[in-house]
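Computed from a predicted structure; not experimentally measured. The residues of the chain are indexed from 1 along the displayed sequence.
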Amino acid sequence: MDFGDILSQWDSIQKNHVPKNKGPQICRKKANAPTKEEKEAARQGYSYEQIMDQNSQKRINPMELWLRRYGTVDKDKAFEENARQEKLNDINYLKTLAPEATIDLHQLTREEAWEKLKIFVDSCYIRKLKKILIIHGKGNHSHGTDPVLGQLVRLFIEQDKRLGTSGHPDRNHGGSGATWVIIKN
């Protein structure tokens, strides 16, 4: 049996096909309210039943039917997406990745910085960013020996469960006055 025989067999089935009554159907529309299809049919001058009869008489290519039923899979696209996901899970790649968003906390009090940091991380998490940079300064103008905002940022990262690995960038990008953070998605 070759493909031509299959097509001829399919044609004969289509010609002899009689729709079966599947029993009562439940309709959730208001009584006597026309559907969108019925309104369109009336606008064209046909009854909806006539259009349904015409559609049931149409024949479709078996290959088209198969593609509609099972669809197609783009294996190259799936492979590229898988490779991209593996990259985003590799910590060494994430460390070299440029930050996708930055916030500067200079000149803010502890409370203002905490609130701004919370809003910023919420926004970045919703936008599904992977790496952010928080600039907090080295504490040169802080009273005492320890920088205030640096400790605040460290505490915030430890308490927020959405934040993962963190570290300081190289000297050209802020050094110990900035912290990059990986956001878990």
Side-chain angles (χ1 to χ4, degrees), residues 25-30 33-40 60-185:
Q25 293 183 351
I26 299 173
C27 183
R28 292 184 175 26
K29 70 174 190 169
K30 291 181 181 178
T35 63
K36 188 167 66 169
E37 293 85 8
E38 290 171 335
K39 289 178 184 176
E40 182 63 31
I60 186 169
N61 181 352
M63 187 63 75
E64 179 69 24
L65 177 68
W66 190 91
L67 286 173
R68 283 186 190 175
R69 183 176 295 159
Y70 301 108
T72 58
V73 176
D74 186 356
K75 291 181 181 177
D76 292 333
K77 185 177 178 183
F79 179 76
E80 289 170 1
E81 179 64 24
N82 188 27
R84 189 179 73 78
Q85 283 298 328
E86 285 180 8
K87 250 188 198 181
L88 290 177
N89 292 332
D90 180 23
I91 193 68
N92 293 325
Y93 172 75
L94 290 173
K95 285 180 180 178
T96 61
L97 183 70
E100 298 171 296
T102 304
I103 185 171
D104 190 349
L105 302 177
H106 280 107
Q107 307 294 320
L108 298 177
T109 64
R110 291 176 67 92
E111 293 79 23
E112 292 172 338
W114 187 273
E115 194 59 34
K116 271 200 162 193
L117 201 52
K118 184 178 175 189
I119 293 169
F120 176 71
V121 170
D122 288 343
S123 169
C124 292
Y125 183 78
I126 290 170
R127 292 177 10 214
K128 297 191 183 297
L129 301 181
K130 285 305 265 184
K131 186 175 181 179
I132 58 174
L133 182 67
I134 303 167
I135 302 171
H136 46 76
K138 296 181 181 179
N140 294 338
H141 304 290
S142 294
H143 301 292
T145 57
D146 294 332
V148 175
L149 294 180
Q151 291 176 345
L152 175 98
V153 169
R154 196 169 26 259
L155 180 65
F156 184 87
I157 293 170
E158 290 171 0
Q159 289 184 0
D160 196 328
K161 303 232 183 282
R162 299 172 295 180
L163 302 179
T165 307
S166 64
H168 296 291
D170 59 2
R171 297 183 93 191
N172 297 334
H173 295 98
S176 63
T179 303
W180 57 260
V181 184
I182 303 298
I183 300 176
K184 302 174 190 173
N185 285 332

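- Between Leu163 atom CG and Leu117 atom CG the span is 8.0 Å, to the nearest 0.5 Å.
- Side chain of His168 to backbone of Ala178: a donor-acceptor contact under 3.5 angstrom is found.
- Here the shortest heavy-atom pairing between Trp180 and Thr165 reads CZ3-O, 3.7 Å.
- The two residues Lys87 and Tyr93 have their closest heavy-atom pair at O-CD2, 3.2 Å.
- The minimum heavy-atom distance between Cys124 and Ala101, with the atom names listed, is SG-CB, 3.9 Å.
- With rounding to the nearest 0.5 Å, the separation of OG in Ser166 from NZ in Lys131 is 11.0 Å.
- Between Thr102 and Ile135 the shortest side-chain heavy-atom distance falls below 4.5 Å.
- The pair Arg84-Glu81 counts as a salt bridge, with a side-chain nitrogen and a carboxylate oxygen less than 4.0 angstrom apart.
- Considering CG of Leu67 and CD of Glu64, their distance stands at 6.0 Å, rounded to 0.5 Å.
- Under a cut-off of 6.0 angstrom, the local environment of NZ in Lys130 is crowded, with over 12 non-hydrogen atoms contributed by other residues, nucleotides or ligands.
- Of all non-hydrogen atoms in Gln159 and Trp114, the two that sit nearest each other are OE1-CH2, 3.4 Å.
- In terms of heavy-atom proximity, Asp104 sits nearest to His106 at OD1-ND1, 2.5 Å.
- The distance from atom OG1 of Thr179 to atom CD1 of Ile157, rounded to the nearest 0.5 Å, is 5.5 Å.
- Closest approach of Ile183 to Leu129, counting heavy atoms only: CB-O, 3.5 Å.
- Counting only heavy atoms from C-beta outward, the side chains of Arg162 and Asp122 approach each other to under 4.5 Å.
- Take Glu40 and apply the side chain to side chain donor-acceptor pair (under 3.5 Å) test, not counting sequence neighbours, and it matches Arg43, Gln44.
- Considering only heavy atoms from C-beta on, Ile134 stays 4.5 Å or farther from Phe156 through its side chain.
- Interatomic distance, CD of Gln107 versus CG of Leu149, reported as 9.5 Å (0.5 Å rounding).
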